[in-house]
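Taking it in order: structure first as structure tokens, then the write-up.
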Amino acid sequence: MRGTLVICTDLDSLSREAARRFANTVEARARDQSEVRVALAGGSTPRRLYELLAAPEFSARLPWAKLHFFWGDERLVPRDHPESNYRMVREALLKHVPVPRENIHPVPGQSSAEAAALAYEQELRERFRQSRGFPAFDLILLGLGADGHTASLFPRAPALAEKERLVMPHIPAAGGLVRVTLTLPVLNQAREIFFLVSGGNKAAALRLAVEAPGTLPAQQVSPRGGGLLWLVDTAAASQLHSVRVEPSPVSESKP
Ligand code: 6PG
């Protein structure tokens with residue numbers, strides 16, 4: 001068992017637990033930091049979490065002026081495109097909360113994935129005021145693909161093997177969305193990482209990710225800060241051997 005696993009009944013209870021823990025983490029960091037830097041996950045799973053963070057119960061707790069939002073990965077599409085991770089976060093969260101515009105750091109729109117990756121790397125270095133080494137996000141939210149990918153780090157892809165750069169392009173071999181992604185060294189420099197995993201189609205990948213050593217992207221995520229949390233629903237947890245899956249609102253399994 002790598003990290004802490006919390007099994008929730010369904011996506012809604014998973015999202016509520018994620019919102020609770022997100023708010024606790026951000027409030028704690030904001031007590032002694034002028035900025036709290038979070039990298040957000042894309043895809044569909046985290047949408048409900050973002051909607052909850054925009055609701056009064058959580059929105060009233062969050063120090064929006066200190067919160068800086070980045071993206072763990074982005075598709076190379078216009079910001080108003082249905083596949084844009086930026087658009088998903090803007091619709092679910094950003095347009096409903098008083099986060100200052102200058103605190104929102106989307107991947108720059110560029111003519112190529114390589115240009116976007118280089119531009120985002122430059123922005124990270126400027127925002128973290130760090131010309132060398134890897135920036136340490138306070139919290140990174142990640143999803144899990146059925147193939148074990150996370151962010152836009154895909155099995156056997158060049159970006160997965162990158163050890164120096166902060167941001168890499170991902171050009172899928174067999175068509176599909178061109179992307180840019182934070183690299184593993186950046187993910188693993190984080191103080192905390194929350195994985196949000198929902199659905200039976202993720203069960204096999206989740207079992208490998210939390211129970212087996214290996215070379216899948218999600219198996220290589222191990223944050224320096226030690227905070228690795230898996231927030232999963234019972235369907236995604238259905239193939240786990242190291243924990244008993246009880247359909248309860250929340251059950252927590254420590255390493
Ligand atoms: C993306 C995400 C990607 C996602 C997983 C899970 O841009 O697609 O960063 O890594 O988290 O593919 O996606 P779902 O949450 O939609 O299942």
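Just the heavy atoms: all of them, side chains too, but no hydrogens, waters or symmetry mates, feed the values below. Indexing begins at 1, ligand by ligand and atom by atom, following the structure's order.
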- Tell me which part of L144 gets within contact of ligand 1: side chain, backbone, both or neither, using heavy atoms under 4.0 Å. backbone
- Item | Proximity of A41 to ligand 1 by residue part, where a heavy atom lies under 4.0 Å |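 Neither; no heavy atom under 4.0 Å.
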Proximal atoms of ligand 1 relative to [X] (non-hydrogen, under 4.0 Å):
| X | value |
| --- | --- |
| K202 | 6 (C), 14 (P), 17 (O) |
| G143 | 11 (O) |
| H149 | 3 (C), 5 (C), 10 (O), 12 (O) |
| G42 | 2 (C), 9 (O), 11 (O) |
| D73 | 1 (C), 2 (C), 7 (O), 9 (O) |

- Query: For ligand 1, is there an N or O atom under 3.5 Å from any N or O atom of L142?
  - Reply: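 No; the residue has no nitrogen or oxygen that sits under 3.5 Å from a nitrogen or oxygen of the ligand.
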- Stepwise side chain to side chain donor-acceptor pair (under 3.5 Å) check, T181 with D73: CA-CA 4 Å; T181 183; D73 69 326; 5.3 Å; no
- Query: Between R29 and E192, is the closest basic N to carboxylate O distance under 4.0 Å?
  - Reply: yes
- Query: Contact between A151 and ligand 1, counting heavy atoms under 4.0 Å?
  - Reply: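 Contact present.
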- State whether F128 and R37 meet the cation-pi test: NZ (Lys) or CZ (Arg) under 6.0 Å from the six-membered ring centroid, and within 45° of the perpendicular axis.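 Yes.
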- Message: For V232, run the side chain to side chain contact (heavy atoms under 4.5 Å, CB included) check against V210, L5, V6, L144 and tell me which one passes.
- Response: L5
- Query: Starting from atom 8 (O) of ligand 1, which protein heavy atom do you reach first, and at what distance in Å?
  - Reply: R75 NH2, 2.8 Å
- Could you tell me the residue and atom name of the protein heavy atom closest to atom 15 (O) of ligand 1, and the distance to it rounded to 0.1 Å? T45 OG1, 2.6 Å
- Message: For R156, is the CZ atom crowded, meaning more than 12 foreign heavy atoms sit under 6.0 Å from it?
- Response: no
- Item | Path from F137 to V99 over hydrophobic side-chain contacts below 4.5 Å |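 In one cluster with F137: V99, yes.
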- Message: Whether the S13 and D10 side chains hold a donor-acceptor pair (N or O, under 3.5 Å, no angle test) is what I'd like checked.
- Response: yes
- For this output row, return yes or no: ring centroids of H105 and F69 closer than 6.0 angstrom.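 No, too far apart.
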